[in-house]
Student: 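Below you'll find the structure I mean.
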Amino acid sequence: MPELPEVETSRRGIAPHITGQTITGSIARAPKLRWPIPKLDFLKGQTIHKVSRRAKYLLIRCDTGTLILHLGMSGSLRVLPSNSPAAKHDHFELVMGDIALRLRDPRKFGAVLWTSEDPASHSLISHLGPEPLNSEFTADYLFSQTQKRTAAIKQVIMDNKVVVGVGNIYATESLFLSGIHPARAAKRISKARIEELHRHIVEILRYAIKRGGTTLRDFQQQDGSPGYFQQELWVYGRSGEACKSCGSTLKHKLLGQRTSAYCPQCQR
DNA sequence: CTAATTCCCTGGAAGC
DNA sequence: TGCTTCCAGGGAATTA
């Protein structure tokens, strides 16, 4: 499933192929994903100037506005010859002469949107917190946010208003690495421990991007063997198994409708 | 404002 | 082998 590193990897993958290209058409094979897919006939003849990213949104800057793509949970993007046959869940594509940017999304949690305004002021984006890998996401900032919140720390770091791009997997793993219990009230964690958590969040995201956005959960290599990351998971998806650090049986708890695995011994 | 809950969707796994 | 049931998950929308 695409987390922030996978979206960034997608951006880096498609940008060289589509930047500077002229759009010759677009195809929507589904009426909607998360929201209706807009009519984009006016895009014909427009040039793609830049492919950027904000949180998990991909922003494709064109002449008169910006195409906003979200991969949801199961979305993936590929650049293919435009005459290659579309597969079952290929719901949308941008055609640029001989090539096409194709969005596949079996679970339809993704999105295709258009804005003629600055995307930063779009209603889906304007309220978002800082990027985790930008200088504004500091340990001091994270600590100040936690001081305002009585909610569980895991829910706070997964809150997009606090910081974007920390999904269930990275939240679960970074809390384990920091020795912090996921259900602990955010405001009751010392500054030193929040600094530790901040460090682990940044490290794990950087590392995942360096690895080419290897999807933690679903990724399989061409030969079907699991991705490296899967073998490196400490707690995510391992409830009932032994903690790799202390041998205790890992437990899990529902927090905000999300399964949260943890080690009762290592995390307090 | 925060916090809790519901909902969207389908593939894959588990149970029968 | 097939059917049915359950679960995962980002995040907006809704409600308290």
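The structure displayed is predicted, hence computed values, not measured ones.
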Student: Base, sugar-phosphate, or nothing for A:Leu33, non-hydrogen atoms under 4.0 angstrom?
Tutor: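 Result for A:Leu33 = nothing.
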Student: Map A:Lys161 and A:Arg258 onto DNA chain B by nearest heavy atom, then report which one ends up closer to the 5' terminus.
Tutor: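 Closest to the 5' end, via its nearest nucleotide, is A:Lys161.
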Student: Do A:Ser248 and A:Cys266 have side chains that get closer than 4.5 Å, going by heavy atoms?
Tutor: no
Student: Would you kindly give the NE2-to-P distance between A:His70 and B:dC9, to the nearest whole Å?
Tutor: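 It works out to 17 Å between those atoms.
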Student: Do the side-chain N or O atoms of A:Tyr170 get closer than 4.0 angstrom to the phosphate oxygens (OP1, OP2) of C:dG10?
Tutor: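 Negative; the distance criterion is not met.
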Student: Under 4.0 Å between a side-chain nitrogen and a carboxylate oxygen: does that hold for A:Arg53 and A:Glu131?
Tutor: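 Judged by the 4.0 Å cut-off on N to carboxylate O distance, A:Arg53 and A:Glu131 do form a salt bridge.
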Student: Measure from the side chain of A:Lys108, starting at C-beta and using heavy atoms only, and say which of B:dA3, B:dC8, B:dT10 lies closest.
Tutor: B:dT10
Student: Quickly work out the A:Ile169 CD1 to C:dG11 P distance and round it to whole Å.
Tutor: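 Value for this atom pair: 13 Å.
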Student: Is A:Gly256 touching bases, backbone alone, or none of the nucleic acid, heavy atoms closer than 4.0 Å?
Tutor: nothing
Student: Round to the nearest Å and state the distance from A:Leu113 atom CG to C:dA12 atom P.
Tutor: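 Taking CG of A:Leu113 and P of C:dA12, I get 11 Å after rounding.
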Student: In chain order, what residues pass the salt bridge (charged side-chain N to carboxylate O under 4.0 Å, His left out) check against A:Lys32, with sequence neighbours excluded?
Tutor: none
Student: Please work out if A:His91 contacts a base, only the sugar-phosphate, or nothing of the nucleic acid, heavy-atom cut-off 4.0 Å.
Tutor: nothing
Student: Taking NZ, NE, NH1 and NH2 as the nitrogens, is one of them in A:Lys161 or A:Asp159 under 4.0 Å from a carboxylate oxygen of the other?
Tutor: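 Salt bridge between A:Lys161 and A:Asp159, a charged N being under 4.0 Å from a carboxylate O: yes.
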Student: Side-chain N or O of A:Thr259 less than 4.0 angstrom from OP1 or OP2 on C:dC7?
Tutor: no
Student: Starting at atom NZ of A:Lys56, determine the distance to atom C1' of C:dG11, rounded to an integer number of angstrom.
Tutor: 9 Å
Student: Please state how far atom CZ in A:Arg34 lies from atom P in C:dG10, giving the value in whole angstrom units.
Tutor: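 Atom-to-atom, A:Arg34 to C:dG10, this comes out as 12 Å.
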Student: Can you tell me if the side-chain N/O atoms of A:Lys148 get under 4.0 Å from OP1 or OP2 in B:dC1?
Tutor: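 False: A:Lys148 side-chain N/O out of range (4.0 Å or more) of B:dC1 OP1/OP2.
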Student: Is the closest basic N to carboxylate O distance between A:Arg199 and A:Glu203 below 4.0 Å?
Tutor: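 A:Glu203 and A:Arg199: salt-bridged.
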Student: Could you check which of B:dC9, C:dG10, B:dT2 has an atom nearest any side-chain atom of A:Arg149?
Tutor: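 Minimum distance to the A:Arg149 side chain belongs to B:dT2.
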Student: Determine the contact category for A:Asp105: base if any of its heavy atoms lies under 4.0 Å from a base atom, sugar-phosphate if only primed atoms, P, OP1 or OP2 are that close, otherwise nothing.
Tutor: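 Nothing: the residue A:Asp105, judged by heavy atoms under 4.0 Å, touches no strand.
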Student: Rounded to whole Å, how long is the line connecting atom CE of A:Met158 with atom P of B:dA4?
Tutor: 14 Å
Student: Does A:Gln267 reach the main-chain N or O of A:Ile180 with its side chain, forming a donor-acceptor pair under 3.5 Å?
Tutor: yes
Student: Roughly how many Å is it from CG in A:Asp159 to C1' in B:dT5, rounded to a whole number?
Tutor: 15 Å
Student: Out of B:dG11, B:dT5, C:dG11, which has the shortest distance to the side chain of A:Gln257?
Tutor: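 Of the options given, the side chain of A:Gln257 lies nearest B:dT5.
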Student: Counting heavy atoms from C-beta on, name the nucleotide in B:dA3, B:dT10, C:dA12 closest to the side chain of A:Trp35.
Tutor: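 Nearest nucleotide to the side chain: C:dA12.
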Student: May I have the distance from A:His127 (atom NE2) to C:dG10 (atom C1'), rounded to whole angstrom?
Tutor: 11 Å
Student: Please tell me if A:His89 has a side-chain N or O lying less than 4.0 Å from either OP1 or OP2 of B:dC9.
Tutor: no
